[in-house]
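As a basis for the values below, the full set of heavy atoms in this structure was taken, side chains included, without hydrogen atoms, waters or symmetry mates. Every chain is numbered from 1, with letters handed out A, B, ... down the list of sequences.
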Amino acid sequence: QKEVEQDPGPLSVPEGAIVSLNCTYSNSAFQYFMWYRQYSRKGPELLMYTYSSGNKEDGRFTAQVDKSSKYISLFIRDSQPSDSATYLCAMSASAMGGAGGTSYGKLTFGQGTILTVHP
Amino acid sequence: DARVTQTPRHKVTEMGQEVTMRCQPILGHNTVFWYRQTMMQGLELLAYFRNRAPLDDSGMPKDRFSAEMPDATLATLKIQPSEPRDSAVYFCASGLKGAEAFFGQGTRLTVV
């Protein structure tokens, strides 16, 4: 079983829909949680970054972390065709600026969910 | 415009040839990662460096892969000899604090 599980989809929604993307994980040491967006033939682009549990909102995007359930979510409101991409969740147990250990900022990724928003 | 720069963007080579991929991390970032992305495995960590020192390269096949940071502005990933199963997109990423890593556009490697 992988440390991070993500439904690969594909997910197809009409423009304007609310999109919910999710990941579950098994490593209780994870405390940094990220969502990346990857367009076709491009590198992953950092979209949302959250430390520990809670919610974070940025425009149409909301990231939620529930450490007790080992479950993270990304919500996209008023989805647009330009949101069509692969969305990757990523997690880390330690920070790059931290002291001690050898896993500074090492990211473990989910498989990615392919999202298509059609006009 | 701070970004991670990778060269070449595309590489087609014959089996058995040496392949070198280069990465220029964002200026000031002291942590550099090499990831490989395939359809089957997704994004996998190959190696990473902090302040140019290798911290972990357990994700790399040691017999054919090597990663180095000759200086703070250059990271290299070499495959010698290359094999068809090495065909993938190789990403370099860099960061400084927290766990925010910023990715380059990748090198798409095809070994025939």
Side-chain angles (χ1 to χ4, degrees), chain A residues 2-10 23 27 29-52 56 58 63 65 72 85-114, chain B residues 1-7 9-10 21 23-26 28-60 88-110:
Chain A
K2 293 188 174 185
E3 274 190 300
V4 179
E5 297 281 355
Q6 182 177 7
D7 186 343
C23 288
N27 187 347
F30 287 146
Q31 50 183 338
Y32 299 88
F33 304 92
M34 284 137 283
W35 287 95
Y36 284 83
R37 177 175 62 194
Q38 186 176 23
Y39 291 115
S40 180
R41 295 186 172 267
K42 299 290 187 183
E45 170 194 9
L46 183 61
L47 200 57
M48 298 289 282
Y49 173 74
T50 309
Y51 171 71
S52 193
K56 185 173 184 179
D58 184 2
V65 175
I72 71 170
T86 297
Y87 289 80
L88 299 146
C89 63
M91 309 178 189
S92 178
S94 62
M96 281 177 258
T102 58
S103 60
Y104 306 102
K106 173 182 171 181
L107 294 178
T108 302
F109 283 86
Q111 195 70 7
T113 300
I114 301 170
Chain B
D1 184 21
R3 66 177 73 182
V4 175
T5 303
Q6 290 186 245
T7 56
R9 291 293 312 277
H10 304 273
M21 290 169 270
C23 167
Q24 180 176 358
I26 293 173
H29 283 186
N30 66 350
T31 306
V32 175
F33 306 85
W34 282 104
Y35 285 88
R36 176 171 62 184
Q37 187 175 40
T38 61
M39 288 293 292
M40 291 298 295
Q41 300 298 326
L43 272 163
E44 300 175 289
L45 180 67
L46 296 176
Y48 65 112
F49 296 79
R50 188 187 193 203
N51 295 325
R52 296 176 55 200
L55 287 187
D56 186 355
D57 60 2
S58 59
M60 289 199 314
V89 184
Y90 291 81
F91 287 105
C92 174
S94 72
L96 177 61
K97 59 182 179 179
E100 298 165 279
F102 298 89
F103 283 73
Q105 294 301 295
T107 294
R108 184 172 297 272
L109 174 65
T110 303

*How many angstroms lie between OG1 in A/Thr86 and CD in B/Gln37, if you round to the nearest 0.5 Å?*
8.0 Å
*Checking A/Leu46 against chain B: side chain, backbone, both or neither under 4.5 Å from a heavy atom?*
side chain
*Might you confirm whether atom NZ of A/Lys2 has over 12 heavy atoms from other residues, nucleotides or ligands at distances under 6.0 Å?*
yes
*Identify the two heavy atoms, one from B/Phe91 and one from A/Pro44, that lie closest to each other, and give their separation to 0.1 Å.*
CE2-CD, 3.8 Å
*Where the side chain of B/Gln41 meets the backbone of A/Gln111, is there a donor-acceptor pair that is under 3.5 Å apart?*
no
_Backbone of B/Phe103 reached by a side-chain donor or acceptor of A/Tyr36 within 3.5 Å_ = no
*Out of A/Ala90, A/Pro8, A/Gly110, A/Gly43, which one racks up the most heavy-atom pairs below 4.5 Å with chain B?*
A/Gly43
_Less than 4.5 Å to any heavy atom of chain B: does that hold for the side chain of A/Gln31, its backbone, both, or neither?_
neither
*If you tally heavy-atom pairs under 4.5 Å against chain B, which of A/Met34, A/Met91, A/Arg41 wins?*
A/Arg41
*Got a sec, which residues hit side-chain hydrogen bond (donor to acceptor under 3.5 Å, both in side chains) with B/Glu100, two or more places apart in sequence or on another chain?*
none
